[in-house]
Amino acid sequence: MWQEIAVLIIGLIVVFYIGRKIYKFLAHPPKANDPCHGCPGCALKDRVK
């Protein structure tokens with residue numbers, strides 16, 4: 001019984017993780033010439049612009 005609960009919890013965590021990765025990829029697709037890839041900001045991003 002406890003093994004089934006543990007497997008269910010791990011499965012839910014994996015599904016949540018994969019869903020979050022897919023959502024982030026679709027909501028903010030990577031740009032070809034953007035080395036920062038959606039970074040909030042740093043000295044490198046300021047120099048590139």
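Numbering starts at 1 and runs along the sequence shown.
Apart from Phe16 itself, the hydrophobic cluster it occupies contains nothing, where clustering links Ile, Leu, Val, Met, Phe, Trp and Tyr at side-chain heavy-atom distances under 4.5 Å. Members clustered with Tyr23: none, using a 4.5 Å side-chain heavy-atom cutoff among hydrophobic residues. Alongside Leu8, the hydrophobic cluster contains Leu12 (criterion: ILVMFWY side chains under 4.5 Å).
If you chain together hydrophobic residues whose side chains sit under 4.5 Å apart, Ile9 and Met1 fall into the same group.
Annotation for Glu4: atom CD does not count as buried by contact number, only 12 or fewer foreign heavy atoms lying within 6.0 Å.
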